[in-house]
Amino acid sequence: MNERRMLDDSHYENLIEEESVCINENLVYDKPETLTKTPMHYCPGCGHGVAHRLIAEVIDELGIQEKTIGVAPVGCAVFAYNYFNVDMSEAAHGRASAVATGIKRVLPDRYVFSYQGDGDLAAIGTGETIHTCNRGENILIIFINNGIYGMTGGQMAPTTLEGMKTTTTPFGRDVQAMGYPLKITELIAQLPGVYYCSRVAVNTPVHVRKAKKAIYNGFKFQELNKGVSFVEIVTNCPSNWKMTPVESNKWLEEHMLPFYPLGDLKLPGKEN
Amino acid sequence: MAKVKGDIIIDIEKCKGCELCAAACPQHSLELSRKLNSKGYHYIVKIEDNCTGCTNCALVCPDSVIRVFRKTEKKKEQVATITNVTGDITVKVKS
Amino acid sequence: MKELKLMKGNEALAEAAIRAGCDAYFGYPITPQSEVLEYLAKEAYARTGMVVLQAESEIASINMIYGAAGTGKKVMTSSSSPGISLMQEGISYIACAELPCLIVNVVRAGPGLGTIQPAQSDYFQAVKGGGHGDYKLIVLAPSTIQEMVDHTKLGFELAFKWRNPVMILTDGALGQMMEKVELFPQTERKFELLPWATTGKTKDRGRSIITSLYIQPEVMQEKNLHLQKKYKSIEREEIRFEKYKCDDAEVVLLAFGLVARICKKAADLAREKGIKAGVFRPITLFPFPYEEVNTLADSSRIFLTVEMNAGQMLEDIRLAVNGKIQVDFTGRMGGIIPTPEEILEKIIEINEGVPA
């Protein structure tokens with residue numbers, strides 16, 4: 001890494017070719033309409049940005065921007081409402097799924113999603129999560145699992161891996177004293193109120209494509225009125241893992257994914 | 001074979017220099033600039049002219065700063081074959 | 001034609017909610033108010049399509065209220081003291097996000113798990129802001145089952161007029177007892193798309209964001225100043241109170257809710273004994289009728305505050321009186337309702353001790 005070449009822009013000026021490919025008819029990937037122009041406050045390399053973009057892309061593709069209401073959590077994504085160009089409600093810590101329930105119950109024809117981190121969804125909000133799923137609310141729950149409390153500065157989350165160092169487990173998570181990392185997605189996949197449950201990641205282009213498909217399913221299934229769609233996105237936290245973004249995605253692949261394996265935990269039409 | 005030509009436009013002001021795009025680029029055509037943007041980040045730049053427009057960089061970009069373009073040049077169709085009288089030289093003419 | 005019915009307080013309140021065109025109720029069972037949820041579960045959906053949902057906790061209930069109120073729908077919850085304590089975080093969020101909703105507290109005696117018997121010991125919590133931050137609820141204190149009905153309708157009106165949560169502060173006795181009530185006709189439920197509500201961002205307006213997060217201190221202060229300004233306006237416009245035989249009263253009993261009714265009886269008994277007694281009853285506990293109480297102190301000799309608590313409204317009465325005259329207190333705690341006779345005894349005792 002130390003030998004990385006740091007080049008100057010002037011080196012590339014002569015690379016400009018005569019016939020530019022960068023014209024609208026050749027555009028194959030652009031920021032979705034449903035993302036606002038506001039620069040995100042997330043740390044460099046944070047998976048939240050990709051997760052946000054995928055949700056926005058799906059909302060664009062389904063053409064449901066005017067019918068979508070999002071619920072932001074407490075955590076790093078507390079400002080999620082600054083980035084989604086849809087109506088949004090900011091929820092108290094852990095209560096996003098209850099807030100989403102309230103919205104969906106009075107506006108059953110709207111698409112409602114909550115966006116929650118691991119501390120929000122799997123610690124302080126476990127009760128709301130389980131019961132929202134058990135009631136089979138027709139909402140999409142996006143669960144961002146990076147194994148740590150990001151906003152408060154890197155404390156242990158319910159999903160922190162065994163042995164993983166955080167500011168509150170400075171010698172690594174000792175499961176005898178601090179309990180085991182919680183696979184809440186496996187837990188809620190058991191509930192009859194959950195119609196679709198999937199675990200994805202956004203650390204590689206392939207995973208990003210699959211994650212988008214899962215989010216797409218999550219929104220689409222709301223039309224069926226069959227229950228909760230739950231999509232866990234295993235993601236990184238370079239700042240609090242104390243790694244570069246590239247290292248963090250590698251670490252995620254090597255440590256997080258073996259414990260939190262990717263794939264559909266519950267797929268309609270397929271018994272798992 | 002159809003020739004694919006890609007290119008990207010990077011919103012360098014919003015780039016935070018996380019380099020995830022560089023790691024995801026199969027052509028290894030992205031690198032950090034020595035320069036800083038107004039936020040103080042080294043931003044990503046394209047250093048090679050070998051982009052295929054695969055969108056990998058944009059897919060992993062957390063800040064949605066990359067727009068990807070791709071042009072597929074169709075294989076040029078043959079319109080005529082000219083052969084000289086002796087038959088030892090044949091020229092295929094494409095559109 | 002009047003529609004008269006003999007109804008239990010909790011059920012009358014629930015009936016009034018249906019008739020007021022309430023869109024959704026989210027709640028959790030707790031004695032002595034479970035009849036609200038039970039009545040609505042049985043009646044509401046079939047009659048008006050109102051959503052009635054038993055949540056997994058009061059915490060979930062109040063956050064469902066937050067979500068649903070954010071859409072501009074008419075929503076309510078009810079609980080009793082320990083449950084209302086659990087809701088305080090959510091109420092604080094609702095107050096800051098300025099969402100209209102109705103919260104009913106059928107008070108039981110505390111602290112702690114306490115008892116299921118009636119009390120007024122949540123006055124401070126309701127009036128001074130039970131949760132964190134500088135906020136106010138509009139607090140209505142019914143003293144009859146008729147008022148339980150009327151305040152439900154009024155509560156929704158005030159909530160939407162001011163975009164502020166409204167609390168009905170009643171008690172276990174009013175919730176459980178039966179009285180004759182006159183019911184108002186059914187209001188049609190209609191859904192109005194409000195510009196601030198999260199109903200889906202249409203092209204003709206910007207995004208609606210329901211939040212209580214203002215991370216910049218200047219912006220947070222601005223929000224607070226806006227709220228305080230609103231509360232001042234509410235104080236100017238919405239004070240409600242009742243005076244009973246106060247015109248010539250030398251001894252004024254000050255009480256809210258159920259206790260005010262008992263005080264009326266006590267005042268009558270005192271008048272039989274030749275003591276000119278009257279009753280002043282604040283109907284709105286926030287905004288509190290400070291000025292009216294202060295004026296009343298000019299024409300009275302003795303103020304006796306009577307409450308089913310250790311003396312909570314007493315502090316506001318003393319603030320209002322500002323040392324002009326003596327303010328005494330009598331009350332019961334632990335779920336006991338004071339009798340007219342014991343209040344009379346206290347009136348006589350004080351009356352003798354204070355020179356004319």
Side-chain angles (χ1 to χ4, degrees), chain A residues 33-34 36 38 41 59 64-75 77-112 114 124-135 137 139 151, chain C residues 22-26 28 49-75 77 87-94 96-97 99 101 131 189 191 193 196-215:
Chain A
E33 289 282 307
T34 299
T36 62
T38 313
H41 70 283
I59 291 170
I64 56 172
Q65 191 184 6
E66 294 191 12
K67 297 193 85 179
T68 301
I69 300 160
V71 182
V74 169
V78 73
F79 286 119
Y81 54 75
N82 286 336
Y83 312 129
F84 290 109
N85 196 12
V86 296
D87 280 359
M88 288 200 72
S89 189
E90 161 43 44
H93 196 24
R95 320 297 172 216
S97 66
V99 173
T101 298
I103 297 170
K104 186 73 177 187
R105 287 280 175 145
V106 295
L107 295 173
D109 64 334
R110 303 301 202 276
Y111 295 82
V112 178
S114 76
I124 194 166
T126 313
E128 283 76 12
T129 304
I130 300 260
H131 285 281
T132 301
C133 291
N134 198 46
R135 281 192 307 268
E137 302 292 341
I139 60 167
M151 174 151 275
Chain C
C22 181
D23 292 302
Y25 172 94
F26 302 95
Y28 186 77
M50 175 182 167
V51 172
V52 180
L53 183 63
Q54 179 174 336
E56 66 271 25
S57 68
E58 287 89 351
I59 297 175
S61 311
I62 197 68
N63 284 284
M64 289 172 186
I65 291 289
Y66 173 92
T71 69
K73 296 262 189 175
K74 233 180 226 185
V75 299
T77 185
M87 289 184 185
Q88 291 305 326
E89 181 200 32
I91 293 174
S92 170
Y93 279 60
I94 288 169
C96 187
L99 302 179
C101 68
R189 275 182 60 217
F191 180 34
L193 285 173
W196 51 265
T198 51
T199 49
K201 184 208 161 301
T202 46
K203 288 189 177 62
D204 56 347
R205 66 158 169 85
R207 278 177 298 149
S208 290
I209 292 166
I210 304 295
T211 185
S212 60
L213 175 68
Y214 302 91
I215 207 125

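Order of the sequence lines sets the chain letters (A, B, ...), proteins ahead of strands, with each chain counted from 1.
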Let me know if A:Val112 has heavy atoms under 4.5 Å from chain C in its side chain, its backbone, both or neither.
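Neither part; nothing is under 4.5 Å.
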Is A:Val106 close to chain C through its backbone or its side chain, or both, or neither, when contacts mean heavy atoms under 4.5 Å?
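When you check distances to chain C, atoms from both the backbone and side chain of A:Val106 fall under 4.5 Å.
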Evaluate the criterion side chain to side chain contact (heavy atoms under 4.5 Å, CB included) for residue pair C:Glu56 and A:Glu128; output intermediate values, then yes/no.
CA-CA 8 Å; C:Glu56 66 271 25; A:Glu128 283 76 12; 3.8 Å; yes
pair [X]-[Y]: side-chain heavy atoms closer than 4.5 Å:
X: A:Leu107; Y: C:Lys73; answer: yes
X: A:Arg95; Y: C:Met64; answer: no
X: C:Leu213; Y: A:Phe79; answer: yes
X: A:Asn85; Y: C:Arg207; answer: yes

With a 4.5 angstrom heavy-atom cut-off, could you sort out which part of [X] is near chain A: side chain, backbone, both or neither?
X: C:Ile215; answer: side chain
X: C:Thr199; answer: both
X: C:Leu53; answer: side chain
X: C:Ala97; answer: neither

With rounding to the nearest 0.5 Å, note down the distance linking [atom1] in [X] to [atom2] in [Y].
X: A:Ile103; Y: C:Thr71; atom1: CD1; atom2: OG1; result: 7.5 Å
X: A:Arg105; Y: C:Tyr25; atom1: CZ; atom2: OH; result: 14.5 Å
X: A:Met88; Y: C:Ser208; atom1: CE; atom2: OG; result: 12.5 Å

Quick one: do A:Asp87 and C:Arg205 make a salt bridge, cutoff under 4.0 Å?
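Yes.
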Quick test of your reading of the model: are A:Glu66 and C:Lys201 salt-bridged, counting only N-O distances below 4.0 Å?
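Result for this pair is no, no salt bridge flagged.
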Most heavy-atom pairs under 4.5 angstrom with chain A, which of C:Ala55, C:Ala197, C:Gly206, C:Gly67?
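Most heavy-atom pairs under 4.5 Å with chain A: C:Gly67.
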Measure across [X] and [Y] and return the closest heavy-atom pair with its distance rounded to 0.1 Å.
X: A:Ala92; Y: C:Asn63; result: CB-OD1, 3.9 Å
X: C:Ala68; Y: A:Gly102; result: CB-O, 3.4 Å
X: A:Ala98; Y: C:Ala60; result: CB-O, 3.8 Å

A:Tyr81 side chain vs C:Thr211 backbone, donor-acceptor pair below 3.5 Å:
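Side chain of A:Tyr81 to backbone of C:Thr211, a donor-acceptor pair under 3.5 Å: no, none is there.
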Shorter than 4.5 Å, heavy atoms on both sides: which option in A:Ser97, A:Ser89, A:Gly70, A:Ala100 has the most such pairs with chain C?
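Top option by heavy-atom pairs under 4.5 Å: A:Ser89.
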